[in-house]
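Scroll down for the structure; my scribbles are underneath it.
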Protein chains: 2
Amino acid sequence: MSGGSRRRPTSFDVAERAGVSQPTVSRALSGSPAIAEATRRKVIEAAEALGYFVDERAARLRRGSTGTLAVVVICREGDSAASINPFAYALLGSVCVAASERGFETLVSFQASPEAFFGHYQEQGRADGLVVIGTTTNAPAWEHFRALDSEGRRVAYWGSPHDELDWVRSDNHAAGRLAVEHLLAAGYRRPCFLGALNTPQVQFTERYEGYAEAMRAAGLEPCLAPTVNAATREEEGRRAARRLIERGEDIDAVFAACDAMALGALEAFAAADVTVPRDMGVIGFDDLVAGRFSRPPLTTIAPDPAEAGAALVEAVLDDSDAMARRRVPVSLIVRDSTLRAG
Amino acid sequence: MSGGSRRRPTSFDVAERAGVSQPTVSRALSGSPAIAEATRRKVIEAAEALGYFVDERAARLRRGSTGTLAVVVICREGDSAASINPFAYALLGSVCVAASERGFETLVSFQASPEAFFGHYQEQGRADGLVVIGTTTNAPAWEHFRALDSEGRRVAYWGSPHDELDWVRSDNHAAGRLAVEHLLAAGYRRPCFLGALNTPQVQFTERYEGYAEAMRAAGLEPCLAPTVNAATREEEGRRAARRLIERGEDIDAVFAACDAMALGALEAFAAADVTVPRDMGVIGFDDLVAGRFSRPPLTTIAPDPAEAGAALVEAVLDDSDAMARRRVPVSLIVRDSTLRAG
DNA sequence: CTTATATCTGCGAACGTTCACAATCCGCGC
DNA sequence: GCGCGGATTGTGAACGTTCGCAGATATAAG
């Protein structure tokens, strides 16, 4: 209030105070090697005394970079931003945070058709890179991708089923192994995988592979309870579990490819008087909040959205020529649904 | 690939093609009134032919604006970005989207102590405005706020308990009314409010007020089942519900201030053999995914994160001098927990 | 003591826009 | 017929930084 708002200090002000030229200030603060250590200290001191910060707008203009990361979240046609998967939201949030930590701003968009988005940003050139969250089977989208990529624009994908591109995924093989090892340690003898393979959801397939591997390592035959398409994932899980019971399969535990299916399965088991965890162990993947409130509470493998977001940002911003393909560690969260009472 | 990447066209290129001077291009495209309609058309045509877009960096530098919106999500000390309330995430996402739609980028941060953030952005001046998501009782934070505000920097708050500032909240009074009206229509006779009043959570208090008003309008006496502090909201709900049963209060329905409490209450009722919805109706607020999977599925009042995000951005960016205080509509979602079978 | 070399710093320009101001054109009234 | 105001457009500068290049200083070698 009193005194009014002072003008923001510029590099000229710092230069004057430090007794050097203005470009020297720039060099000192941007970490250029061609600067004497003594000068740098002097400049830094002056900058701090004045409360100086580099004006990113000017720096970016001159440098030719945008300092901006575009993020597109793929959602179904007509979906509002509110109705997407909670994990995608958490991922979005952590991408934004990771970008901010590296001094990048984010331009976020929810899109049913990624290609529109790609075209737009490609032309407008408003972002240095693009992070895509979600899975699409949309072929034109992949074309736009390659176009972006060949222009030197960086793109990273969460869970991409397309092998030409940079991606980041959960360590789904480890998830499968963790699930099997936990179930066996808890006293179950024949865990079965619940989920569909060979769908665009590569991550599900990978979880199965981890599961199968661990089963064989324990001298057991993998077994699969395939799901069929339904309106919701819960419904898929419900149906698959019901079928399992009807056919009287010889299994005593289920590893569902995602929590939503696991929750559906829990309902089906309850309806058929199969008591979880006594008669049947159930474990999922995703660590949905819902799993904390189901009855019984759901054991699950938790992905790490914070790590995943950081990895995505890193994949986009670090311009190593090598393709970035990172696995983000997962962790086991034990709740009642696999606690076979002694 | 072939031909390499062409240089991005500038306003000089457009000017040359349209046969006007460069600043005229700027005027034509920025909607300045001091321009002949014929000229504007000529310029726009040339711009489209060349695929020209204004370089935001240069425009912002010259204009003195940042084109950036800072968003801070307040979380508890040590919390990672991943562990915050799902609604806050949804809100964050929709704020980012709403900002992007208005051509603003977002700088997102998760902070336990908002004052650090305020100070940082205040000095660095990297954002035109600030959106704060979350509730804090931290007094120093409010000081920083006022400072920002008096410097002409715009700030908007989700659910602020501080009356000097712009805020956006759910229409909590309507929520209370909706809950009561629904419960009465469903055949319950004496619904009770479950939650604590006079806490920093103004929104809870407002929901109670709406509830009480609707009760009186129906000729009923409001009733309150106060919660006490516990590690989690579920636990608060569980305890409050247990006490309600022990004391044998004459009630047949509960409106919980949030879904987490409602879910806790559901557990307590189940443990005490009070059958929901037959003996007791339960309704919450938040529309957590968890409510879809609880047993029975939870009737709830759903806030609208998309609308809320848009309103927050509007409050920050529209520089009317009048304080922006907006109520975002809520909607009733009926599930089994209030479906008293006939 | 001089020259070559490496290390550091200053100078000027450039990035692409918007803004203040001056210049031009037009029609109209005296 | 000349000047004058309003509507448009052009001119020049400025926003605050980074970059290329030349100049300066110090250190080492001949």
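Below, chain A is the first sequence line, B the second, and so on; all start at residue 1.
- Put simply, the side chain of B:T39 never gets that close to the backbone of B:I35: no donor and acceptor are under 3.5 Å apart.
- To the nearest 0.5 Å, the span separating CG on A:D55 from OG1 on A:T10 amounts to 9.5 Å.
- At the phosphate of D:dG10, OP1 or OP2 sits under 4.0 Å from a side-chain N or O atom of B:T24.
- Here the side chain of B:T106 pairs no donor or acceptor atom with the backbone of B:L69 at under 3.5 angstrom.
- From B:D128, atom CG reaches atom CZ of B:R60 across 8.5 Å, with rounding to the nearest 0.5 Å.
- Side-chain atoms of A:S100 come within 3.5 Å of backbone N or O of B:V108 as a donor-acceptor pair.
- A heavy-atom distance below 4.5 Å is not found between the side chains of B:V71 and B:L107.
- Of the residues in residues 35-46 of chain B, none has a non-hydrogen atom less than 4.0 angstrom from any atom of DNA chain C.
- Inter-residue side-chain proximity for A:R326 and A:R169 is flagged as unmet; no heavy-atom pair is nearer than 4.5 Å.
- A distance of 5.0 Å separates CG in A:L317 from CZ in A:R102, rounded to the nearest 0.5 Å.
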The contact string for nucleotides 13-18 of chain C, one letter per nucleotide 5' to 3', using protein heavy atoms under 4.0 Å with B, S and - for base, sugar-phosphate only and none, comes out as BBBBBB
